[in-house]
There are 2 protein chains.
Amino acid sequence: MSSKRIYHQYCGLAAALDILGERWTLMIIRELLVRPRRYGELLNNLPGIGTNLLAERLKFLVDEGIVAQVEVDGSRRQAYHLTETGQDLRPIVLGLARWGLHHLEDYSSEYSVRASWGLLAVEAMIDQDRVSVDEQYEFKIDDETFHIDVSDSVVHVIAGPAATPSVTVKTDAVTFVQIGAQKLSPLAATVTGKLSLEGDANAVLRACALLGLEADPLAAAAG
Amino acid sequence: MSSKRIYHQYCGLAAALDILGERWTLMIIRELLVRPRRYGELLNNLPGIGTNLLAERLKFLVDEGIVAQVEVDGSRRQAYHLTETGQDLRPIVLGLARWGLHHLEDYSSEYSVRASWGLLAVEAMIDQDRVSVDEQYEFKIDDETFHIDVSDSVVHVIAGPAATPSVTVKTDAVTFVQIGAQKLSPLAATVTGKLSLEGDANAVLRACALLGLEADPLAAAAG
DNA sequence: CTGCATCCGCCTCGATACTG
DNA sequence: CAGTATCGAGGCGGATGCAG
């Protein structure tokens, strides 16, 4: 009956995978790391998942104390969000995403892409050891706007526009992920008109360095 | 046909899970993070895996460049070991193991345990920000011996005995994991004879602090 | 005996239909 | 919009077979 498939090993990794290891589970958590989501949003951002599976996974994650439901501002609509325990998974999911970026194949139309994944891609790419001056870099990826804030040598990725951005990056989601996966250089994307960079040239170089990208001088000059 | 179940998303996490997300895959990698393993060792340390699945997973991981086969010293016996790309997964697997340790249930006999998992548990528990003096702590868990080496404020976990250990810990695998999961305090394990601590009392306290354990004065006094 | 391959029953998964 | 119910397809687990 309720014989869920678990590993039966007294080991931290086995315990983690007993909770997170099934198909779609970490993808759901990825979605909730960006922001709280409604059921329909999750369905839309996870093409291929069965509606029953999504409901079952959410119920399980709520039982495990990783996800909770909240009322959305007065209406009776509900949304799912990560508890503190769930937020603890952020560095793990970002680590997996960074590792996986290097294994992405060339883009083809059979892939689906969402702009909001760019936010997590940026977080995954950031090299905390390469912080230089305090400033902000704004990203407009399709309809999503967010920014990197460097203050007192601490880096944060924050939803919404920046107050005083040194650089503003504008592109589409596919181009952005291709750059993150090193399939496309910022220079190549700029000259083909897929990417626009506005702001101080040196700030562009610092942003590239922070994200581990080729600090291409020509890409900066194009801004 | 060869329609492997993948996510079809242009995203780093999806790419990572397309490779690592299937059942048993990360458990195999955990085994290879401890040391290179022969096929039979893997079968023995992964109770419940089908022999066909293990063979299939290994073949896939070799194709992906994460695992490679090596000749074991002259004999024609082969062993599997992680490539550099595979070793890059160490912080991720350790992060999952650390997260999962907090979700372990009480031990029961239906769990299997292996002493070698203690080595990874130690690595997962280490808090790099709590390094104090340079010294070595030796662990003898069942038939496995390894040690933590702190040199110039850098921590390494190394197989085999320590040259000059400040502390020697001796216990069984179940007790060790229970302590790591905070189900059992070092003190309680010591007074019941499950754990023996030899060495300088203050070094024991430093070792506990490094591993994020209650620095229990009585446990140190019992050494 | 080790290192796999083959076969088969079962359970998870994915798609569609259906309900409040 | 937010799920629940149902059912075919395929991944998984265990037993068995077989070659070096």
Side-chain angles (χ1 to χ4, degrees), chain A residues 1-9 14 17-28 31-32 36-63 67-81 110-112, chain B residues 1-9 14 17-28 31-32 36-63 67-81 110-112:
Chain A
M1 291 304 93
S2 69
S3 62
K4 187 174 182 304
R5 201 130 76 179
I6 60 178
Y7 286 110
H8 297 291
Q9 295 190 0
L17 293 179
D18 282 344
I19 297 173
L20 308 170
E22 289 170 309
R23 191 164 163 77
W24 291 111
T25 303
L26 281 173
M27 303 288 274
I28 294 170
E31 287 302 307
L32 300 182
R37 300 282 199 185
R38 304 239 317 273
Y39 185 88
E41 289 181 282
L42 291 171
L43 263 189
N44 176 58
N45 283 347
L46 300 172
I49 194 174
T51 60
N52 54 345
L53 257 199
L54 177 57
E56 184 184 319
R57 294 283 186 271
L58 286 170
K59 196 179 299 179
F60 176 72
L61 290 172
V62 169
D63 283 347
V67 169
Q69 284 178 286
V70 278
E71 312 271 334
V72 176
D73 54 17
S75 92
R76 87 179 63 99
R77 285 137 130 35
Q78 292 202 331
Y80 295 90
H81 73 111
E110 63 196 28
Y111 285 105
S112 57
Chain B
M1 298 299 93
S2 68
S3 61
K4 186 173 182 305
R5 201 130 76 181
I6 60 177
Y7 285 110
H8 297 290
Q9 295 190 0
L17 292 180
D18 282 344
I19 297 173
L20 308 170
E22 289 170 309
R23 191 163 165 78
W24 290 112
T25 303
L26 282 173
M27 302 288 274
I28 293 169
E31 286 302 306
L32 301 182
R37 300 282 198 183
R38 302 239 317 275
Y39 186 89
E41 288 181 285
L42 291 171
L43 262 190
N44 176 58
N45 283 346
L46 300 172
I49 194 174
T51 61
N52 53 345
L53 257 200
L54 177 56
E56 185 183 320
R57 294 284 186 273
L58 285 170
K59 196 179 298 180
F60 176 72
L61 290 172
V62 168
D63 284 347
V67 168
Q69 285 178 286
V70 277
E71 313 271 333
V72 175
D73 53 16
S75 94
R76 87 178 61 99
R77 286 141 129 34
Q78 291 204 331
Y80 295 90
H81 78 290
E110 63 197 28
Y111 285 106
S112 58

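Letters A, B, ... are given to chains in the order of the sequence lines, protein chains preceding strands, and every chain is numbered from 1.
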Exercise for the section: Provide, to the nearest angstrom, the distance between the CD1 atom belonging to Ile6(B) and the C1' atom belonging to dG11(D). Expected result: 15 Å
Practice task
Evaluate the side-chain proximity of Tyr80(B) to Arg37(B): yes if any heavy-atom separation is below 4.5 Å, no if none is.
Solution key: no
Completion exercise
Value for NE2 (His81(B)) from CG (Leu32(B)), rounded to nearest 0.5 Å, stands at 9.5 Å
Exercise for the section: Measure the distance from CG on Asn44(B) to P on dC1(C) and round it to the nearest whole Å. Expected result: 15 Å
Problem - From His8(A) atom NE2 to Glu110(B) atom CD, the distance as rounded to the nearest 0.5 Å - result: 6.0 Å
Handout entry: Atom pair distance, as rounded to whole Å: CG in Leu42(A) and P in dG14(C)
Key = 16 Å
Practice task
Send over the distance from Met27(A) CE to dG14(C) P, rounded to a whole Å.
Solution key: 11 Å
Practice task
Working to the nearest 0.5 Å, report the span between OH of Tyr111(A) and CD of Gln9(B).
Solution key: 11.0 Å
Problem - Nearest-angstrom distance from the residue atom CG of Leu54(B) to P of dC12(D) - result: 13 Å
Which atom pairs, donor and acceptor, lie under 3.5 Å between side-chain atoms of residues 45-57 of chain A and protein residues at least two apart or in another chain?
from     : atom 1 : to        : atom 2 : distance (Å)
Asn45(A) : OD1    : Arg114(A) : NE     : 3.1
Asn45(A) : ND2    : Glu31(A)  : OE1    : 2.8
Arg57(A) : NE     : Arg23(A)  : O      : 3.0
Arg57(A) : NE     : Thr25(A)  : OG1    : 3.4
Arg57(A) : NH2    : Arg23(A)  : O      : 3.3

Each nucleotide N or O in nucleotides 2-6 of chain D that has a protein N or O under 3.5 Å away: list the pair and distance.
from   : atom 1 : to       : atom 2 : distance (Å)
dA2(D) : OP1    : Arg38(A) : NE     : 2.5
dA2(D) : OP1    : Arg38(A) : NH2    : 2.8
dA2(D) : OP2    : Gly40(A) : N      : 3.1
dG3(D) : OP2    : Tyr80(A) : OH     : 2.9
dT4(D) : O4     : Thr51(A) : OG1    : 2.6
dT6(D) : O4     : Asn52(A) : ND2    : 3.1

Exercise for the section: Give a yes/no on whether any side-chain N or O of Trp24(B) is located under 4.0 angstrom from OP1 or OP2 of dG13(D). Expected result: yes
Completion exercise
d(Asn44(B) CG, Arg38(B) CZ) to nearest 0.5 Å is 11.5 Å
Exercise for the section: Ignoring backbone atoms, establish whether Arg57(A) has a side-chain N or O less than 4.0 Å from OP1 or OP2 of dC13(C). Expected result: yes
Practice task
Find the distance Arg5(B):CZ to dC11(C):P and express it as a whole number of Å.
Solution key: 16 Å
Practice task
First locate atom CG of Leu58(B), then atom CG of Asp63(B), and finally report the distance between them rounded to the nearest 0.5 Å.
Solution key: 11.0 Å
Handout entry: salt bridge (charged side-chain N to carboxylate O under 4.0 Å, His left out) evaluation trace for Glu22(B) with Lys4(B)
Key = CA-CA 11 Å; Glu22(B) 289 170 309; Lys4(B) 186 173 182 305; 3.5 Å; yes
Give me the distances for all protein-to-nucleotides 18-20 of chain C N/O pairs that come in under 3.5 Å?
none

Problem - Atom-to-atom span, CD1 of Ile49(B) to P of dG3(C) - whole angstrom - result: 14 Å
Completion exercise
To the nearest angstrom, the CG-C1' distance between Leu53(B) and dC8(C) comes to 14 Å
Fill in the blank from the handout: Interatomic distance, CG@Leu26(A) vs CD1@Ile19(A), rounded to 0.5 Å, equals 11.0 Å
Practice task
Compare side-chain N and O positions of Arg23(B) against OP1 and OP2 of dT12(C) and report whether any pair is under 4.0 Å apart.
Solution key: no
